[in-house]
4 protein chains.
Amino acid sequence: MAGKTPAGSARSDAVRNRRLLLDAAAEAFAEGGVEVSIGEIAQRAGVGKGTVFRHFVSKDELLAAIMLGMLDELIDTASGLTTADDPGAALKGFLTAGVQIFVRDRAFCEVIGRPSLQHAEVRAAIDRLCDVAEQLTARARDRGLVRPGITGTDVALLMAGVQQTAAPLLAAEPQAWRRYLDLVFDGITASTGRELPYPPPSHLSLA
Amino acid sequence: MAGKTPAGSARSDAVRNRRLLLDAAAEAFAEGGVEVSIGEIAQRAGVGKGTVFRHFVSKDELLAAIMLGMLDELIDTASGLTTADDPGAALKGFLTAGVQIFVRDRAFCEVIGRPSLQHAEVRAAIDRLCDVAEQLTARARDRGLVRPGITGTDVALLMAGVQQTAAPLLAAEPQAWRRYLDLVFDGITASTGRELPYPPPSHLSLA
Amino acid sequence: MAGKTPAGSARSDAVRNRRLLLDAAAEAFAEGGVEVSIGEIAQRAGVGKGTVFRHFVSKDELLAAIMLGMLDELIDTASGLTTADDPGAALKGFLTAGVQIFVRDRAFCEVIGRPSLQHAEVRAAIDRLCDVAEQLTARARDRGLVRPGITGTDVALLMAGVQQTAAPLLAAEPQAWRRYLDLVFDGITASTGRELPYPPPSHLSLA
Amino acid sequence: MAGKTPAGSARSDAVRNRRLLLDAAAEAFAEGGVEVSIGEIAQRAGVGKGTVFRHFVSKDELLAAIMLGMLDELIDTASGLTTADDPGAALKGFLTAGVQIFVRDRAFCEVIGRPSLQHAEVRAAIDRLCDVAEQLTARARDRGLVRPGITGTDVALLMAGVQQTAAPLLAAEPQAWRRYLDLVFDGITASTGRELPYPPPSHLSLA
DNA sequence: GATGAATGAGTTTTCATTCAT
DNA sequence: AATGAATGAAAACTCATTCAT
């Protein structure tokens, strides 16, 4: 009725543990993908398994919380770029930021790149990401800096593609993704005159 | 109970079972990814679980055998294209064939795209694939049909990237990969004059 | 944070919390049986889980406290009936009151009906219940209103039996127990001349 | 396609384990109720936990299999009694057999006596039990051996009631249920002239 | 005194792998 | 050689109880 904690602030040790947990889980998911066990996450955070479930109602919710944090960061970055002077550079900066997240995080790749995505909040965040991606793309498109039919959703999708291209190299060459990012960006900005052989994805078919 | 099969020796039965098993496993892995259980594969093949382990020492070996089969098919296709009249069309045909394998096969995506690939034979097959990809690429490169620094390994890697880009769309739009294949191909063939910001992967760093 | 409650000392707060807790627990146990979690009880009472354990040393003690409360109420009702004009009606009134408690309270059924009952205070209360039941029964027996060998303990035990008979019906027919109460009462009061094939329970063998 | 085992017969060791498992589970459920863990059952049977799930798809299925076995036995007993010479003795024999099952088996009491019963096969078996109980009851009723309104469902329900009445005594006096069985039977057969204050349950409202 | 965060043993269930038949 | 039964080590999740704040 009156909320969990009188003044709306959680206990300091709980806050600290939640932080520990999120960090440990983020690291574990990043390294091991969605398959890492709650047991390992708890161990990394230095807490008991029960504590994980006190803070997050299920493994899926924990995963979603972390994915949402990363998506929101990326959305913020993108928002900041919508008013940049050079729309082309802004779009490339956005793409770069996005690919870096994918490159660092195995779970992110697995969650975002799968055909059927369950979690409603994550889907909503992806929608928001596509929206702001479209803003950035539209500005560049209007000035002829990208090919006519390219959409924000295209750009968002290509982030995962660039990561996947470089994936087998990343252990030995952590920056190899930069090569494919540029190559794909050249594909986006190429003025071939030809139309692409398949229409752009409708916004909502993403998730 | 211990009776012989009328139309074959014990050995020919084993050969037939191996074939049954490979086909069933290929289908199962393609649809469900590497997580499909040995039980489901055995059931699809119409054999007992024990038979799976008689033919393949572990699940990983079975998976590797399937992956090798697909890689060999792709290598054959590529070999056939090395003498085609139009090197540009040949390269694109190769890329198309490769992406189609990825699109059809969840396990293939999961196995090939991982940073550290254990299985020696699969690594060797990927090396062979990169070799033949390099032959195709070199022919196109020599005629100025692709950018200067692009290698066969780049091309092989990009197959996975194109699939991953389209992955979230494929359930609703099974042909969406064609959009990104063209876009990436335009990136490969773009004559920007600029060099890519990161050197091509050395052949052996792949896995 | 550490503030006093305006209208009471710390002790009166504790008294109030104990009351809140007993009421909430009674309701929860009645609805959900002994399996309801301490968490749910605390939530219903609007207190923290720690408070439950400050007032009751374990879940079993809390449960016992509730059971004791109900047993004492029933004992009081029975005591009031020992001086009623019609000993037969008094006995039936007692039986009715008892069955109603069982019908309303899942935990009561589960606790009382188990072969080995641990809690000493609850056992003592059941003894007291049997005593007063015996008083009521004796009065009726003396006037020939019940069969010769029937004891107070028999009557007390039959309460649970009537409830259990009707249990599968109660969701659809909340008053169905009345059918079996009358049937059993007719069994108690039947003048068959025959003796029952097994002696009445000795008072102390109850738990 | 051709069934699990060629000739329709399971392997002898599997049959043996299934028997071991059913016996161990029956014993464990009888003693400890539905809450006994699969781990304990496996241990009692001398098999691994996995073996339990090989034979029964879930704990609920195992429990249902055992309950069904007991219900079917009781139904058979009842069927055999439908042609007995003395319908009154037959009805009492049926009641006795049923109460004995309840008395021996904690899980049976818990499963059958609960308001909402999930398992479809168990519900069907209970329906069958009520049917045959009605046959037995009708014969006795037609000869004026039981009160007019008493139905087979009443009789089936009363089995649980008799058990519950005696439950607290059974540890010390394992045969105490015989006392209450006779008392209840006298209630069923009493010719009071009075009607019971609540109508008999409709057949289907049982489960 | 009150709180609710942390704990960890315990539950059901899955599945690759081994082995008796 | 083939089978499928048995195994047991995980995994996600629950909850009574303890304890720092």
Side-chain angles (χ1 to χ4, degrees), chain A residues 4-6 10-18 21 35-40 42 46-60 62, chain B residues 1-2 4-5 9-14 17 35-43 47-55 57-60 62, chain C residues 1-5 9-11 13-14 17 35-43 47-55 57-60 62, chain D residues 4-6 10-18 21 35-40 42 46-60 62:
Chain A
K4 282 188 168 178
T5 30
R11 256 209 264 164
S12 68
D13 55 343
V15 172
R16 190 178 142 276
N17 267 344
R18 188 172 223 274
L21 212 39
E35 302 274 302
V36 287
S37 76
I38 289 289
E40 170 158 357
V47 302
K49 269 185 298 192
T51 305
V52 181
F53 290 98
R54 154 161 287 277
H55 288 277
F56 301 93
V57 87
S58 69
K59 187 183 175 181
D60 277 356
L62 169 58
Chain B
M1 210 60 55
K4 300 265 178 68
T5 313
S9 68
R11 169 153 302 174
S12 78
D13 265 11
N17 270 346
E35 303 272 301
V36 286
S37 75
I38 290 289
E40 172 162 353
I41 290 169
Q43 214 168 359
V47 303
K49 270 197 293 191
T51 306
V52 181
F53 287 95
R54 171 165 296 277
H55 286 279
V57 80
S58 71
K59 187 182 176 183
D60 278 354
L62 169 57
Chain C
M1 209 60 58
K4 300 263 178 70
T5 313
S9 68
R11 168 152 303 176
D13 265 12
N17 271 346
E35 302 272 302
V36 286
S37 74
I38 290 288
E40 172 161 353
I41 291 169
Q43 213 168 357
V47 304
K49 269 196 294 191
T51 306
V52 182
F53 288 94
R54 171 165 295 278
H55 287 278
V57 81
S58 71
K59 187 182 175 182
D60 278 354
L62 170 57
Chain D
K4 283 189 169 177
T5 29
R11 255 209 265 166
S12 68
D13 56 343
V15 172
R16 190 178 143 275
N17 267 344
R18 188 171 221 273
L21 212 38
E35 302 273 301
V36 288
S37 75
I38 289 289
E40 169 158 357
V47 303
K49 271 186 293 194
T51 304
V52 182
F53 289 97
R54 153 162 285 278
H55 286 276
F56 302 94
V57 86
S58 69
K59 187 183 175 181
D60 278 355
L62 169 58

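Bear in mind that the values here come from a model prediction, so they are computed numbers and not experimental data. FYI, side chains are in, hydrogens and waters are out, and symmetry mates aren't considered; it's all heavy atoms of this structure.
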Seminar exercise, completed: So CD1 of I41(B) and OG1 of T51(B): to nearest 0.5 Å the spacing works out to 13.0 Å
For this session: Respond yes when some side-chain nitrogen or oxygen of T51(D) is under 4.0 Å from OP1 or OP2 of dT7(F), and no when none is.
Result: yes
Problem set entry | Contacts of type salt bridge (Lys or Arg N to Asp or Glu O under 4.0 Å), residue E35(A), not counting sequence neighbours | none
Seminar exercise, completed: Value for OG (S37(C)) from NZ (K49(C)), rounded to nearest 0.5 Å, stands at 7.5 Å
Problem set entry | Closest contact, heavy atoms only, K59(A) versus F53(A) | N-CE2, 4.3 Å
Exercise. Rounded to whole angstrom units, what separation is found between the CZ atom of R54(C) and the C1' atom of dA2(E)?
Worked result: 7 Å
Problem set entry | Closest-nucleotide ordering on DNA chain F, the 5'-leading residue of N17(B) and N17(D) | N17(B)
Exercise. Taking atom NE2 of H55(B) and atom CG of N17(B), what is their separation to the nearest 0.5 Å?
Worked result: 5.0 Å
Exercise. What is the distance from CD of E40(A) to C1' of dA12(F), rounded to the nearest Å?
Worked result: 15 Å
Problem set entry | B/S/- contact track for nucleotides 16-21 of chain E, protein heavy atom under 4.0 Å | SBB-BS
For this session: Tell me the stems DNA chain F sits in, counting at least three consecutive Watson-Crick or G-U wobble pairs, each under 3.5 Å on both distances.
Result: E:2-21 with F:2-21
For this session: Provide, to the nearest angstrom, the distance between the CZ atom belonging to F56(D) and the P atom belonging to dA6(F).
Result: 11 Å
Seminar exercise, completed: Rounded to whole Å, NE2 of H55(A) lies from C1' of dT7(E) at a distance of 12 Å
Seminar exercise, completed: Judged by nearest nucleotide, the residue sitting upstream toward the 5' end of DNA chain E, V47(A) or G48(C), is G48(C)
